[in-house]
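Data first, discussion second: the structure below is written as structure tokens.
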There are 2 protein chains.
Amino acid sequence: MRMLINVPETVVADALRGLAAAHPTLRVDVDKRLVVRRDAPGAGRVAVVSGGGSGHEPLHAGFVGPGMLSAACPGEVFTSPVPDQMLRAAAAVDGGRGVVFVVKNYTGDVLNFEMAAELAQEEGIRVERVLVNDDVAVTDSLYTAGRRGTGATLFVEKIAGAAAEEGAPLERVAALARQVNDCSRSFGVALDACTTPAKGSPTFDLPPGELELGVGIHGEPGRERRGMMTSREIADLAVDAVLSDLRPSGPVLALVNGMGATPLLELYGFNAEVHRVLAERGVLLAHTLVGNYVTSLDMAGCSVTLCQVDEELLRLWEAPVETAALRWGR
Amino acid sequence: MRMLINVPETVVADALRGLAAAHPTLRVDVDKRLVVRRDAPGAGRVAVVSGGGSGHEPLHAGFVGPGMLSAACPGEVFTSPVPDQMLRAAAAVDGGRGVVFVVKNYTGDVLNFEMAAELAQEEGIRVERVLVNDDVAVTDSLYTAGRRGTGATLFVEKIAGAAAEEGAPLERVAALARQVNDCSRSFGVALDACTTPAKGSPTFDLPPGELELGVGIHGEPGRERRGMMTSREIADLAVDAVLSDLRPSGPVLALVNGMGATPLLELYGFNAEVHRVLAERGVLLAHTLVGNYVTSLDMAGCSVTLCQVDEELLRLWEAPVETAALRWGR
């Protein structure tokens with residue numbers, strides 16, 4: 001096992017301590033597994049909360065801050081956080097205008113966020129849940145009924161967070177988040193499997209020279225295995241898989257995402273191919289984000305997420321954001 | 001070979017095309033291998049130019065923009081750019097107040113930047129060269145006479161760029177850059193070797209369960225090999241190696257850097273250990289940057305760079321920056 005860790009049992013707590021040390025503008029509760037923006041609760045603002053298993057960093061804790069998430073609750077590696085944790089997150093950030101839970105579509109997350117929403121409502125916190133299920137690769141999988149939630153989570157969290165920052169009401173923030181999810185699709189490819197700290201060996205066996213197409217972000221196998229392909233061929237396949245399900249009539253946002261261990265040199269080269277195929281298909285690009293954002297531990301590979309935007313979504317995407325992993329001004 | 005590329009010959013050109021596509025605020029000349037900030041030359045500003053072999057992304061092209069580099073000239077993978085390329089970069093960004101070349105200490109870079117500086121001066125461009133040689137691990141190596149230039153490059157480029165942005169004169173920008181280098185030290189550890197596209201196999205053979213200590217950023221072996229260590233032990237060793245050579249009397253900036261394939265979850269956990277050992281040694285931290293910034297293709301591992309700052313260096317570090325890889329406002 002080639003990992004920069006102490007012991008598997010403390011990986012998440014260690015990372016939270018390191019996050020707190022690097023980002024004093026976050027409130028990090030290592031024991032309770034909460035990452036909260038410092039100025040929460042915002043009295044005039046709807047709160048946006050997300051969470052899920054760890055191992056997808058910078059998602060979600062790296063997206064906590066002005067203009068994006070109010071709080072994140074990280075679970076153990078590839079394991080849903082518990083309802084109590086989500087409830088504490090909601091209580092920490094609710095300023096009276098309600099909380100949107102952004103939930104990636106995995107069975108554990110869905111059930112736990114549902115229970116947390118019920119508990120929160122019993123405590124007088126209004127909650128809207130928004131499901132993210134953008135992955136076109138598989139319908140059901142090891143962890144999911146229906147489509148998995150992957151790269152679109154970043155677009156949902158950014159745009160919902162921007163709307164909340166502007167003072168939009170709960171129903172409006174939730175509606176925008178659902179719109180973003182409805183307009184987004186993803187497809188992922190693994191060049192190598194990931195290794196969870198607890199298991200210590202790759203989650204699936206991928207011989208050199210083979211690719212796993214249609215992978216998710218939990219080390220589960222994809223929908224097809226093929227011999228090695230070029231960046232150009234992978235871009236054709238991934239973009240066409242997305243476009244076969246999303247037929248954008250206007251400009252799109254693109255996330256050209258690394259799975260964790262793929263270096264920027266390769267991702268930028270891949271981005272050139274993604275742009276080429278999008279141009280060939282007549283799709284207009286508004287903005288592209290290239291980097292390791294929605295990851296799967298040390299998996300090598302990439303995913304493409306496209307999100308069709310109208311003027312309002314585009315404006316909210318461009319709005320200022322100030323988080324550990326995503327930041328820009330006006 | 002598990003790489004997201006087309007063919008080894010086009011890796012750098014492909015990445016530059018992808019960089020241009022993602023960042024329309026950069027001027028990228030793929031054929032001439034130049035990345036220039038859009039508003040160059042800045043009439044009132046000294047220009048800061050760097051470059052070196054590719055494979056260290058986001059260094060240097062990801063640091064081009066307001067408040068940091070004026071231009072970057074990327075060479076082939078792990079290969080110095082040529083003097084003509086550096087000269088073109090200088091000519092593209094010189095607004096009459098001169099150019100600082102930031103040169104990592106590798107034989108090829110040093111010779112080529114020296115020749116480029118002579119050529120530029122013949123064309124009436126004033127040039128100051130600043131050498132970065134912060135790596136305490138080895139004195140001479142495969143590519144270097146003296147210490148290698150690694151993580152401190154980020155601090156030099158940020159602080160020199162901030163001073164240039166404020167209108168500081170050439171000699172002052174160069175002096176600040178030299179001061180940053182003099183006050184910075186680094187130490188790197190590999191958990192796995194990197195694979196260059198041209199070679200297609202790891203640059204050195206590291207059996208599972210072994211670490212290479214004191215590595216550089218070109219896949220060259222380090223100074224010692226050991227059995228697997230915990231994150232805690234690696235932090236002790238790396239920080240103490242840095243502190244044995246830099247005895248800071250004031251606050252430091254820390255770069256907790258991934259080598260390219262190490263996920264953020266591990267890097268943040270490592271950062272917790274770096275902060276612990278710095279606290280134990282009585283070193284004060286001003287700011288910490290955690291991420292894959294000065295990389296070595298798909299190498300797994302990390303490095304620690306510390307830079308002692310006075311009030312002026314700290315102010316320049318905190319000054320706004322707007323690049324692909326590093327950005328913050330006031």
Chain B heavy atoms under 4.5 Å from [X]: which part of the residue, side chain, backbone, both or neither?
X	value
A:His287	neither
A:Val77	side chain
A:Ala300	neither
A:Ala324	side chain
A:Asn292	neither
A:Leu206	both

Can you tell which part of [X] gets under 4.5 Å to a heavy atom of chain A, answering side chain, backbone, both or neither?
X	value
B:Leu289	neither
B:Ala21	both
B:Glu273	side chain

Could you check which of A:Leu265, A:Asp14, A:Leu264 has the highest count of heavy-atom pairs closer than 4.5 Å to chain B? A:Leu265
Option in B:Met299, B:Met259, B:Glu322, B:His23 with maximal non-hydrogen atom pairs under 4.5 Å from chain A: B:His23
Tell me if the aromatic rings of A:Trp328 and A:Trp317 count as close, with their centers under 6.0 Å from one another. yes
